[in-house]
Amino acid sequence: MTMIETTMTETGPNASGYKDFSIGGFTFSRDEYFATITWPTGSHQMDIGQWLRCVQRDVAWGFFYGIVNFDAVIGTMNHYGNVDMFAGRFNEAYRRAEVDYNENFDHDELMSCFTAMLSDWTNEGYDPFAAPMETGSAYGPSRGENDMAVTRKRVVAQRMVGVPGDEPIRSDESGFPINRGFADVPQDEPVISAEPGYEDQVCSFNLFAYLSRSDVTWNPSVVSACKESLYCPTTEEFILPVIHGNDRVEWFVQLSDEIQWDVEDRDTGAKRARVVMRAGDVAAMPADIRHQGYAPKRSMLLVWENGSPRIPEMIANGEAPVHPVDF
Ligand code: PHB
Ligand code: FE
């Protein structure tokens with residue numbers, strides 16, 4: 001794959017007050033309802049709220065693991081340092097018609113384009129990370145901004161949550177109130193009875209109480225790391241905006257309520273499974289699928305991931321499995 005020299009350009013504002021953006025062969029424009037994307041062999045439209053929710057996650061996650069499909073046509077594929085933006089690449093019909101398109105960008109360059117677009121296209125009162133019931137409207141002519149929300153950083157614990165020096169978002173004083181969907185979650189902290197002499201070495205915390213204060217949806221945050229093993233719990237409501245194409249196995253532990261998952265073949269989009277997960281259910285999502293989740297009510301999900309950058313290569317070499325369990 002060759003890297004094309006590109007620079008992002010911005011023009012406008014257009015009649016709705018929004019700037020147009022372009023990078024490489026892609027152009028992006030928004031009007032009151034839609035994002036319109038063009039590339040040399042085609043064009044595509046998406047609901048602007050849906051577009052902003054996808055771009056927000058792609059930016060916040062640094063293009064994430066593997067593939068982030070914004071829908072069945074548009075998305076990005078992370079090569080960890082550089083990144084592909086594509087149209088129709090993982091869509092059998094687009095490929096057959098030979099209108100699919102892929103372009104490779106330097107990580108920082110595509111990131112700058114997305115960050116500028118997110119800032120310009122997000123209106124005052126709309127938060128792409130929030131559940132639809134907890135935020136304003138994405139639609140209409142350009143109206144102020146919400147940079148506070150769109151530049152929000154994922155909460156990364158400085159140490160394991162609960163040990164001295166962690167990032168304390170576990171009280172009302174933290175500015176993170178208990179979410180309306182978790183009003184029934186007990187807030188008591190565990191009682192520790194350490195052997196004398198070990199009092200400062202044993203820590204614990206109430207993960208449910210901690211997550212009940214999360215103000216974002218579909219945004220896994222690292223709460224503990226043991227070498228490459230990352231515990232990334234998250235709170236979910238409505239629809240995971242992106243259809244994530246895995247490049248490694250990931251484990252899901254449904255901590256509360258219910259999420260339904262549509263699981264498809266990563267490359268063609270052919271349906272593979274529908275997974276209904278209720279509190280206590282555990283699933284291993286294979287490395288060769290793409291999936292999108294639906295949460296009718298705010299729920300808690302633990303995503304358990306191996307963050308090693310070697311995993312895609314190990315899978316390609318047959319050193320690591322595509323699915324972790326054989327039944
Ligand atoms: C996933 O793609 O595995 C994923 C992404 C975001 C979430 C949950 C799961 O909030
Ligand atoms: Fe995933």
Side-chain angles (χ1 to χ4, degrees), residues 50 53-72 75-78 80 90 127-132 134 152-156 179 181-182 207 210-212 214-223 229-267 269 272-279 281-308 311-312 315 320-324:
Q50 167 66 8
R53 290 192 287 276
C54 289
V55 175
Q56 174 69 83
R57 287 168 179 80
D58 220 11
V59 164
W61 301 346
F63 304 116
F64 208 35
Y65 298 111
I67 303 163
V68 173
N69 297 283
F70 294 7
D71 64 5
T76 60
M77 182 173 189
N78 198 355
Y80 310 101
F90 299 100
D127 177 355
F129 262 133
E134 296 185 337
R152 172 203 275 121
K153 291 276 170 287
R154 192 152 36 161
V155 175
V156 179
N179 183 268
F182 294 138
L207 177 65
Y210 180 73
L211 290 176
S212 71
S214 166
D215 65 339
V216 293
T217 60
W218 305 103
N219 191 35
S221 303
V222 180
V223 300
S229 171
L230 307 179
Y231 262 12
C232 308
T234 159
T235 57
E236 322 294 46
E237 182 174 330
F238 192 52
I239 306 174
L240 171 59
V242 306
I243 308 165
H244 180 226
N246 284 359
D247 70 356
R248 63 199 63 214
V249 167
E250 57 185 351
W251 290 85
F252 286 170
V253 181
Q254 188 68 38
L255 297 179
S256 84
D257 303 281
E258 177 176 313
I259 299 178
Q260 304 205 2
W261 291 91
D262 269 337
V263 183
E264 303 172 339
D265 181 86
R266 185 186 54 202
D267 298 329
R272 269 179 59 175
R274 194 164 161 73
V275 181
V276 181
M277 297 191 68
R278 301 208 174 93
D281 289 345
V282 179
M285 290 284 171
D288 61 352
I289 55 96
R290 68 194 198 190
H291 52 184
Q292 186 166 37
Y294 298 77
K297 161 189 182 299
R298 209 172 192 86
S299 82
M300 297 181 185
L301 172 70
L302 175 63
V303 180
W304 179 25
E305 212 118 41
N306 186 314
S308 167
I311 300 236
I315 289 174
V322 167
H323 49 90

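Basis for what follows: all heavy atoms, side chains included, without hydrogens, waters or symmetry-related copies. None of these values were measured; they are calculated from a predicted model. Both counts, for ligands and for their atoms, begin at 1 and track the order of listing.
Not a single heavy atom of Met285 sits less than 4.0 Å from an atom of ligand 1. Remark: distances from the non-hydrogen atoms of Phe252 to ligand 1 include one below 4.0 Å.
The closest side-chain heavy-atom distance from Arg53 to Trp218 is not below 4.5 Å.
Close approach to His291 involves these atoms of ligand 1, each under 4.0 Å from a residue heavy atom: 1 (C), 2 (O), 3 (O). Heavy-atom contacts of Asn219 reach the following atoms of ligand 1: 10 (O) (cutoff under 4.0 Å). Close approach of ligand 1 to Pro220 (heavy-atom distance below 4.0 Å) involves ligand atoms 6 (C), 7 (C), 10 (O).
At a 3.5 angstrom cut-off on N or O pairs, Asn246 does not count as close to ligand 1. The shortest N/O to N/O separation between Glu250 and ligand 1 falls below 3.5 Å.
Annotation: the span from Ile239 atom CD1 to Asp262 atom CG amounts to 10.0 Å, rounded to 0.5 Å. In this structure, CD1 on Ile311 lies 8.5 Å from OH on Tyr65, to the nearest 0.5 angstrom. Remark: Leu255 CG to Leu301 CG distance equals 7.0 Å, nearest 0.5 Å.
With a 4.0 Å cut-off on non-hydrogen atoms, Trp61 touches ligand 1 through its side chain and not its backbone. In Trp251, neither the side chain nor the backbone holds a heavy atom less than 4.0 Å from any atom of ligand 1.
Defined by atom type and a distance below 3.5 Å, a donor-acceptor pair is missing between the side-chain atoms of Asn179 and Glu237. A side-chain donor-acceptor contact under 3.5 Å links Arg274 and Gln260.
The shortest non-hydrogen separation linking Glu236 to Ile259 is CG-CD1, 3.6 Å. Contact record, Val68 with Phe63: CG2-O, 3.8 Å, taken as the closest heavy-atom pair. Shown here for Cys232 and Leu302, the closest heavy-atom pair between the two residues is N-CD1, 3.9 Å.
Around the Fe ion (ligand 2), the protein contributes the following N, O or S atoms at distances under 2.8 Å: His244 ND1, Asn246 OD1, Glu250 OE2, His291 NE2.
Ring geometry for Trp251 against Trp304 counts as tilted: the plane angle lies between 30° and 60°, on a 0 to 90° scale. The aromatic rings of Phe64 and His244 lie tilted to each other, with the angle between the two planes from 30° to 60°.
Summary of contacts: the protein heavy atom closest to atom 7 (C) of ligand 1 is Glu236 OE2, 3.3 Å. With respect to atom 2 (O) of ligand 1, the closest heavy atom belonging to the protein is His244 ND1, 2.8 Å. Of the protein's non-hydrogen atoms, Trp261 CH2, 3.8 Å is the one closest to atom 9 (C) of ligand 1.
Judged purely by atom type and a 3.5 angstrom limit, Arg248 uses its side chain to pair as donor or acceptor with the backbone of Asn306.
Compare Ile67, Leu240, Thr217, Thr234 by their heavy atoms: the one nearest to atom 4 (C) of ligand 1 is in Leu240.
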